[in-house]
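Side-chain atoms are counted along with the backbone in the values below, which use heavy atoms only and exclude waters and symmetry mates.
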Amino acid sequence: MADQSTIVVATNNPGKLKEFALLLPNYKIISQSSLGITPEEELGETFFENSLQKARVANATSGKLSLGDDSGLIVPALNNLPGLRSARYAHECATDEENRLFLKQELEKLELNHAKAYFVCVLVLVKTSADPFPLIATGLLEGSVKTTMTGTNGFGYDPMFYPKGSDLSLGEMGADEKALLSHRGKAIQILKRKIEGFASE
Ligand code: ITT
């Protein structure tokens, strides 16, 4: 039986890793890179497929509970892009800043300075790489993206994203504030309940 108090987070994104350490205080969080696990190309057509693949790859090497996170930003006015391509929107090896500037340009091409948008996070937790019953949790955060960028907190598109009803971008919020309302924060709360339910069965 895998150690239930340690979770290998199958991400190479330091922004995600920090958020998981905050969101899962009762677990020992290990990054896949510290175990020398390298990610595989993301070939799935859904956030779920990619998240499951990440978790399986991490588990195959670590043998520990492994958590995949596939997430992204969806802008309906841009035909739901960047979507699955969020990390690689500007080009294959794009930095967060390049992706933000590319998004700004794509909005400006449509003469928009803001547009409705939402973040999606799909988490998959596996106990073995062939786990027939992975735990799955999804979180959404509705809001809008603006071409003006404010704040330096968080990562990715945070300085451009304004949660519904907020005058602050995610880039202006503290980590605790973002965790309470974010797509990742919501998905983790659901996942925790599933883990607790599973443990008591
Ligand atoms: P891993 O695959 O190693 O986890 P990644 O960054 O490539 O890292 P994804 O394939 O899931 O991860 O791409 C998610 C992208 O979506 C991420 O790089 C950001 O650009 C964006 N994103 C996801 N969650 C975000 C958040 O909370 N705040 C800002 N941008 C976010």
| request: Please list, chain by chain and in numerical order, all residues satisfying salt bridge (Lys or Arg N to Asp or Glu O under 4.0 Å) with Lys146, sequence neighbours excluded. | output: none
| field | Tyr162 with Met149, same ILVMFWY side-chain cluster at under 4.5 Å | value | no
| Is it true that Arg56 and Asp131 make a salt bridge, defined as a side-chain N closer than 4.0 Å to a carboxylate O? | no
| query | Salt-bridged, Lys16 to Glu19, with N to O below 4.0 Å? | reply | no
| message | My understanding is that only residues two or more places apart in sequence, or in another chain, count here; which of them pass salt bridge (Lys or Arg N to Asp or Glu O under 4.0 Å) with Lys186? | response | none
| Tracing side-chain links under 4.5 Å among I, L, V, M, F, W and Y, which residues wind up in one group with Ile30? | Val8, Leu35, Ile37, Val57
| message | What I want to check is whether the side chains of Asp69 and Ser71 have a donor and an acceptor closer together than 3.5 Å. | response | yes
| query | Does any non-hydrogen side-chain atom of Pro163 lie less than 4.5 Å from one of Leu170? | reply | yes
| task | Please identify each residue that fulfils ring pair (Phe, Tyr, Trp, His ring centres under 6.0 Å) with Phe47, with sequence neighbours left out. | result | none
| field | Pair Gln32-Asn12, side-chain donor/acceptor within less than 3.5 Å | value | yes
| request: Treating Ile, Leu, Val, Met, Phe, Trp and Tyr as nodes and any side-chain heavy-atom pair under 4.5 angstrom as an edge, say whether Leu67 and Leu65 lie in one connected cluster. | output: yes
| Do Tyr27 and Ile195 have side-chain heavy atoms sitting under 4.5 Å apart? | yes
| query | With the 4.5 Å side-chain cut-off for hydrophobic clustering, are Phe133 and Val126 part of the same group? | reply | no
| message | Less than 4.0 angstrom from a charged side-chain N to a carboxylate O is my criterion; do Glu108 and Lys104 meet it? | response | yes
| task | Under the salt bridge (Lys or Arg N to Asp or Glu O under 4.0 Å) rule, collect the residues that match up with Glu41, sequence neighbours excluded. | result | none
| request: Establish whether Ile136 and Phe20 are linked, either directly or via other cluster members, by ILVMFWY side-chain heavy-atom contacts under 4.5 Å. | output: no
| said: By the definition ring-ring contact (aromatic ring centres under 6.0 Å, His included), identify the one residue from Phe161, Phe119, Tyr118 that meets it with His183. | reply: Phe119
| Got a sec, which residues hit salt bridge (Lys or Arg N to Asp or Glu O under 4.0 Å) with Glu42, two or more places apart in sequence or on another chain? | Lys54, Arg88
